[in-house]
2 protein chains.
Amino acid sequence: MQKKRATIKDVASLAGVSTATVSHVVNGSKPVKQTVHDRVIAAARQLDYQADRAASQLRSGQTRVVAILVPDLDDAFFTSLVSRLEVMAGKDGFDVIVASSRDDPAVEQSRLRALLGWRPAGMVVVPCTDSLPTVLIEECGRTPVVLADRVVPAGAPADTVTIDNAEAGEIAARHLVAMGHRDVVIAASNLAIAPIRERERGAHDFLRGATGRAPVTIELGSNSITGAERFAHWQERHARPTAVLALTNVTTLAVLSALAQARVDIPEQVSVIGFDDYAWMSARKTALTAIRQPLDLMAQSVWDRLTARMGGETGAPVAISLTASLQVRDSVLGLPAIGGGDVATPGSDPLNPGESKSAIH
Amino acid sequence: MQKKRATIKDVASLAGVSTATVSHVVNGSKPVKQTVHDRVIAAARQLDYQADRAASQLRSGQTRVVAILVPDLDDAFFTSLVSRLEVMAGKDGFDVIVASSRDDPAVEQSRLRALLGWRPAGMVVVPCTDSLPTVLIEECGRTPVVLADRVVPAGAPADTVTIDNAEAGEIAARHLVAMGHRDVVIAASNLAIAPIRERERGAHDFLRGATGRAPVTIELGSNSITGAERFAHWQERHARPTAVLALTNVTTLAVLSALAQARVDIPEQVSVIGFDDYAWMSARKTALTAIRQPLDLMAQSVWDRLTARMGGETGAPVAISLTASLQVRDSVLGLPAIGGGDVATPGSDPLNPGESKSAIH
DNA sequence: CGATTTACGTTAAACGTTTAACTTGGCGTT
DNA sequence: AACGCCAAGTTAAACGTTTAACGTAAATCG
């Protein structure tokens, strides 16, 4: 242990001024003569002075902290979001404190309380379930909050940033039927989660409308390993569909694992559409066609909303809905049309005409 | 904006006791009679009281915060680490504040200062370069610090947790030559980073010793997209090796992308060993053989060291070195022995006898 | 030239906790 | 009955800042 940390008093006495003056030069809150200013700076540097945020925050009531709560810090989607937010926050002079709820409402609640103890200037929350904890709802009146991803925007107590999940599901379904698929299974993580339910509905409805038969939906959970097991198990006792549509990045992983394990070829034996767009998806022989969420735009929107609110904007919650897009690559096989319905051939996707395969992004 | 937040005074007056008593029941710092205790709890609950951490920390000098600084929050390796640490920290009642240096020493320095403003009880840092910023070195005398991953343990000013990188490289190289490979290229991210240099050295030395010829090493940087471009570029103007050994998870991605793009088959046309072990690596037709870092153990060790130091342990820095292992799967082809050297056939790997392929972990 | 403004500093009071030191009343011991 | 002791609460002083209110000397003005 070295000498104790320098306080503002130490700096003040070394520079021969009052603590108030030190504070003013450090924060630029009042003009200070050049000579004094320099003297203070020198003293601060010499003592390696760093203001204590706790004290500063206590006195001023202003905190430059934003708290981020996500369901899982091992999920690439959430960490990508956190990563982008952390960069933007850092640039705007905010520090970030993170916590994960591990998809457990009880943990969510307790972490939330802990975060609130910091009196953050703002928070962004990706809830782990449809029903927001009451702690959070109450907090929305006091602290700027932005809800992201797993939210039902209607009636939310705060600004929300989501994608149009039903549309996302439909886009994928549309591509599948355009490519001639009638027999598809939908791999969802957990239908209790509203956005997943929406994606499923979008895909399901379109598929049923276009093919006349309802697709099968299976739930694989939020863990890729157990998800793979469940999918493998399902696979053993059902006829193989021509395509599977995964509604989540971890379900994508789960079905890909199970398929690889069972040595079924993509797209020859079964077509696959994945969710989210990560580097590993194009790092494979047959690159994965996937639904891509506009991650950068989402993060940007979240940050915009949050800064607006932290800047004092009041008024009814605004709901931002972004649209997902289909990243067409090689994992969906064009099936010969069997009669009835639209004729579809590989490469003739009405959605992305002339672009059945795109470069690695 | 709702009513102001309740303070300890509000609770105290509602419960008809002094603030000291409230503090004591909240923290259990002194015995309090059951009836009073209950009254205070009730008041606190009614007012939705949540202690202000800034005030608490200012007065007590005790902070339940650990700061984590990593080079990149988009890198799965680092986020996995952060994720595990966050869980352990949460369980021990610590909050976590994260920052990323974006592999930029200047940013690293400034984020470090910002983090220190919080007077964290401890910090874990994955430096972005070999030479630690002086701010950090000085801090090691004041605050418990654990350095992880990208560190040279020798002479470090704080506890370190690393893997034996030279050994990791050697293990992979050994497997490659056992499988009959003589012509391998090593894909490094950045040889300016010590651990990468070590991995390269371990692999390089073994390969040269065993095959009599030095392997080629190329640097692909820390971004998978530009890395893929560089590898593709290299590929165009050089004869294809029989194997490539990636020393990083992002170089793995880079190599795989470039290979996929060029439509070269793994392992038929070229064998690949990747680094780190993620779900997507086994979610492919030919699952990836990879060097696996003991992530859970690393996180655990970091936390153990940190809690020990936060608990007051003093003494010279301890350097923990963990050992990586090879996860053998399908991406390394057994080559027929060409004479000279050891005879090697697929499935006869002296390192993992009888286990040339393992289940999805 | 005195009065008023300006420019720059200082004083001291908070901010919401924790905690050492102090009261107080009830109990057991001699 | 006098004494000390213990248990349970209270008082009040910090902790390191920020900032409103207040000097004070020099500059400006009528």
Side-chain angles (χ1 to χ4, degrees), chain A residues 3-41 43-44 47-65 95 113-114 116-121 142, chain B residues 3-41 43-44 47-65 93 95 114 116-121 142:
Chain A
K3 55 203 168 192
K4 291 193 71 84
R5 194 181 292 279
T7 77
I8 200 173
K9 280 184 196 163
D10 303 324
V11 178
S13 64
L14 177 58
V17 296
S18 72
T19 63
T21 304
V22 175
S23 177
H24 286 137
V25 343
V26 172
N27 304 324
S29 39
K30 251 192 174 185
V32 168
K33 241 195 337 205
Q34 190 65 44
T35 64
V36 184
H37 178 275
D38 293 348
R39 207 144 33 92
V40 171
I41 292 293
L47 297 177
D48 196 28
Y49 171 68
Q50 177 76 40
D52 182 321
R53 305 215 41 164
S56 152
Q57 150 168 351
L58 172 59
R59 169 56 226 227
S60 72
Q62 307 250 306
T63 74
R64 304 289 286 181
V65 203
D95 286 322
R113 299 194 87 94
L116 288 174
W118 291 104
R119 310 285 186 262
R142 287 197 267 261
Chain B
K3 56 202 166 191
K4 289 193 74 81
R5 196 180 290 279
T7 77
I8 200 173
K9 281 184 195 161
D10 302 324
V11 178
S13 64
L14 178 58
V17 296
S18 71
T19 63
T21 303
V22 176
S23 178
H24 286 139
V25 342
V26 172
N27 304 322
S29 40
K30 251 193 174 184
V32 167
K33 243 199 332 209
Q34 190 64 46
T35 63
V36 184
H37 179 276
D38 292 349
R39 207 143 33 92
V40 170
I41 292 292
L47 296 177
D48 197 27
Y49 171 69
Q50 178 74 40
D52 183 321
R53 306 220 35 170
S56 151
Q57 151 167 351
L58 172 60
R59 166 59 225 226
S60 72
Q62 307 251 303
T63 74
R64 303 290 286 182
V65 203
D95 286 322
L116 288 175
W118 292 103
R119 309 285 185 262
R142 287 198 266 261

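Atoms considered below: every heavy atom in the structure, side chains included; atoms not considered: hydrogens, waters and symmetry mates. Within every chain, numbering begins at 1; the chains are lettered A, B, ... in the order of the sequence lines, protein sequences first and strands thereafter.
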**Request:** Using a heavy-atom cut-off of under 4.0 Å over every strand shown, decide if A/Ala54 touches base, sugar-phosphate, or nothing.
**Result:** nothing
**Prompt:** Is the backbone of B/Ala54 close enough, under 3.5 Å, to the side chain of B/Asp52 for a donor and an acceptor to pair up by distance?
**Reply:** yes
**Request:** For A/Arg53, enumerate each residue passing the salt bridge (charged side-chain N to carboxylate O under 4.0 Å, His left out) test, keeping only those at least two apart in sequence or located in another chain.
**Result:** A/Asp95
Tell me which donor-acceptor pairs under 3.5 Å the side chains of residues 33-40 of chain A have, and how far apart each pair is, sequence neighbours excluded?
from	atom 1	to	atom 2	distance (Å)
A/Gln34	NE2	A/Asp38	OD1	3.1
A/Arg39	NH1	A/Ala15	O	2.5

**Item:** With sequence neighbours excluded, residues passing side chain to side chain contact (heavy atoms under 4.5 Å, CB included) with A/Ser18
**Value:** A/Ala20, A/Thr21
**Prompt:** At under 4.0 Å between heavy atoms, what does A/Thr7 touch on the DNA or RNA strands: base, sugar-phosphate, or nothing?
**Reply:** sugar-phosphate
**Asked** Listed in order of residue number, which residues of residues 28-36 of chain B have a non-hydrogen atom at under 4.0 Å from DNA chain C?
**Response** B/Lys30
**Message:** Minimum heavy-atom separation for B/His24 and B/Ser29, please, with both atom names.
**Reply:** CD2-OG, 2.8 Å
**Message:** What contact category does A/Ser56 fall into here, base, sugar-phosphate, or nothing, at under 4.0 angstrom with non-hydrogen atoms?
**Reply:** sugar-phosphate
**Prompt:** What's the shortest heavy-atom distance between B/Arg5 and B/Asp10, and which atoms?
**Reply:** O-OD2, 4.1 Å
**Complete:** Heavy-atom nearest nucleotide on DNA chain D taken for A/His24 and for B/Thr21; more 5' hit belongs to B/Thr21
**Prompt:** Is A/Ser60 touching bases, backbone alone, or none of the nucleic acid, heavy atoms closer than 4.0 Å?
**Reply:** sugar-phosphate
**Item:** Residue list, side chain to side chain contact (heavy atoms under 4.5 Å, CB included) with B/Lys9, at least two apart or on another chain
**Value:** B/Thr7, B/Thr19
Please produce a list of atom pairs where a protein N or O lies less than 3.5 Å from an N or O of nucleotides 26-28 of chain D.
none

**Prompt:** First and last nucleotide of DNA chain C in contact with chain B, 5' to 3', at under 4.0 Å to a heavy atom: what are they?
**Reply:** C/dG16 to C/dA21
**Prompt:** Which pairs with one or both residues in residues 54-64 of chain B pass side chain to side chain donor-acceptor pair (under 3.5 Å), sequence neighbours excluded?
**Reply:** none
**Message:** Taking side chain to side chain contact (heavy atoms under 4.5 Å, CB included) as the definition, give me every residue that meets it alongside A/Val26, ordered by chain and number, with sequence neighbours left out.
**Reply:** A/Val22, A/Tyr49
**Item:** Estimated bend of the helix from C/dC1-D/dG30 to C/dT30-D/dA1 (axis per five terminal pairs, rounded to 10 degrees)
**Value:** 50°
